[in-house]
K.L.:
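So that we are looking at the same thing, I have put the structure below in structure tokens.
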Amino acid sequence: MNGKIDFRGIRVLSLDDNMLDTRVLEELLEGTGVILDATASAEEALKKLSREEYDVVMIDHMMPGVDGITLLKLLRDKHVCDGVPVIAVTGNTITSAKENYLQAGFSGYVSKPIDKNTLLETLAISLGFCRAAEDKPQKSSVLVVDDNRMNLLVAQKILADDYSVSIVTSGKAALEFLQYNNVDLILLDLRMPEMDGFQFMEHIKDQERLKSIPIICLTADDETESEVKCFELGAVDFIAKPFIAEVMRHRISRTLELDRLREDLQNEVNKQTHSLKKYSEKMSRLTRQVFRTLAGTIDAKDKYTNGHSLRVAEYSRMIAKRLNMSQQEQEDIYYIGLLHDIGKIGVPDDIINKTSRLTDEEYAVIKTHPSIGAEILDKMSEIPDISVGAKYHHERYDGRGYPEGLCGENIPLVARIIGVADAYDAMTSNRSYRDVLAQDYVRGEIEKGKGTQFDPVFAEIMLRIIDSDKDYVLREHK
Ligand SMILES: [Fe+2]
């Protein structure tokens, strides 16, 4: 089985305080495609999980001062690995250990010394790439439910060679049986005392574990209406009484085969969905990296504005968040903020970095950067406002800005947000001729600019952000 599973790109975080065991794990996973990240401290694991994405976490059951079950609870409480399967790795060989770990919420269990096949199988099962061996007995199991003992005996005789057959005499007895046993198929009589076949199907149709078990109803010739009702309740087929051995065998084997195919298909869908999710996450990470790299390139052009684009992007996103904009809009405005000054690339270095007073001509050249930026970003259609943000971020609410002198709400919304964030960062960054300005002073300037330089609504939000920043963290740090 292991040879067929493709683990390429699967990221596993291992938490084990024993370096030797970590080395062994590395060797076992070598060549499988798994990307292993390991740490010996629970604290470090928490940090890694909150920063990075993993597909599986493996936890040694006995870390210094804390056991694996407590640690799993901590990870779940902190929501750092929601939806990520966690496997217990333990030297505990007592028979009940596995049940304890599974009950505690671990998705799997491997004991030390780790066997490579068991490890890969547990990984594959945890990732939903295949089912556990104990769920797939060699002989398929069939539960026959019928109040007529003769029917039960006949069915058992017909099926005993090919299937593991269990028999019960009522719907209630079937429910009890299914509480503790898994079956692959149910043969269900319709007319039974206490709980008939219909009530039985009604009962299990909302139960996750039971509703997917295929049911074949056992019917008499005169039950056409019942057959329709059975289909509606989820039955997959019928077998008429009295039973004909060959018909019964064929119908059961065909149903089980279809069920197996459905399950294989589901596994394939799970696998493909997983790889697509991985690919999409990778592309998102790449997009973020490309944007941040571009922002770094823009800021490198101007030696006095180190990190400016990143901070403007961050402040713009904070304003968008307080405006209750959607997650997508917040993300878009972050990217718009990152590239708002991209037009500076087209302005000569000696003008951008000039420390003495600019001439009128030089200032006119500086003022071309919004339009240059808009042209550069014009083709980036996935974020339509990105070019707008670059073009209008130096407009002023009172119409005295550039390049077009737009005023009020004629200035696009994203540009009004970036305008406030941009001015805030200019005052809270170091310059060649001064340090970061005092927070009180900056607050006063934003207050003063409400309705003149800035959109009053967004300036007010910036003021609230300043007021909640008690330690004056939102500034350039040397
Ligand atoms: Fe600018």
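Note that these values count all heavy atoms, side chains included, but never hydrogens, waters or copies made by symmetry. Order of appearance sets the numbers: ligands from 1, and atoms from 1 within every ligand.
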K.L.:
Using ring centroids (six-membered ring only for Trp), state whether His340 and His394 fall under 6.0 Å.
P.N.:
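Ring-ring flag for His394/His340: false, centres at least 6.0 Å apart.
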
K.L.:
Under 2.8 Å from the Fe ion (ligand 1), can any N, O or S atom of Asp422 be found?
P.N.:
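Looking at Asp422, which is the residue asked about, there is no N, O or S atom under 2.8 Å from the Fe ion (ligand 1).
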
K.L.:
Taking His203's backbone N and O only, do any of them form a donor-acceptor pair with Gln207's side chain (distance below 3.5 Å, no angle check)?
P.N.:
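Looks like yes, one N/O pair under 3.5 Å.
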
K.L.:
Applying the side chain to side chain contact (heavy atoms under 4.5 Å, CB included) criterion to Ile336, which one of Val312, Ile383, Val388, Ile417 satisfies it?
P.N.:
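Passing option: Ile383.
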
K.L.:
Sub-3.5 Å donor-acceptor pair from the side chain of Asp67 to the main-chain atoms of His61, do we have one?
P.N.:
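Not at all, since once roles are kept as given, no pair shorter than 3.5 Å links the two residues.
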
K.L.:
Please state whether the rings of Tyr109 and Tyr101 are parallel, tilted or perpendicular, taking 30° and 60° as the class boundaries.
P.N.:
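Tyr109 and Tyr101: tilted rings.
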
K.L.:
Measuring to the Fe ion (ligand 1), does His340 have an N/O/S atom at a distance below 2.8 Å?
P.N.:
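Under 2.8 Å: His340 has no N, O or S contact with the Fe ion (ligand 1).
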
K.L.:
Taking the N/O/S atoms of His369 one by one, which is nearest to the Fe ion (ligand 1)?
P.N.:
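His369's closest N, O or S atom to the Fe ion (ligand 1) is named NE2.
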
K.L.:
For the Fe ion (ligand 1), what is the closest N, O or S atom on His394?
P.N.:
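Per the distance ranking, His394 contributes NE2 as its closest N/O/S atom to the Fe ion (ligand 1).
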
K.L.:
The Fe ion (ligand 1) is nearest to which N, O or S atom of Asp341?
P.N.:
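Distance check against the Fe ion (ligand 1) picks out OD1 in Asp341.
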
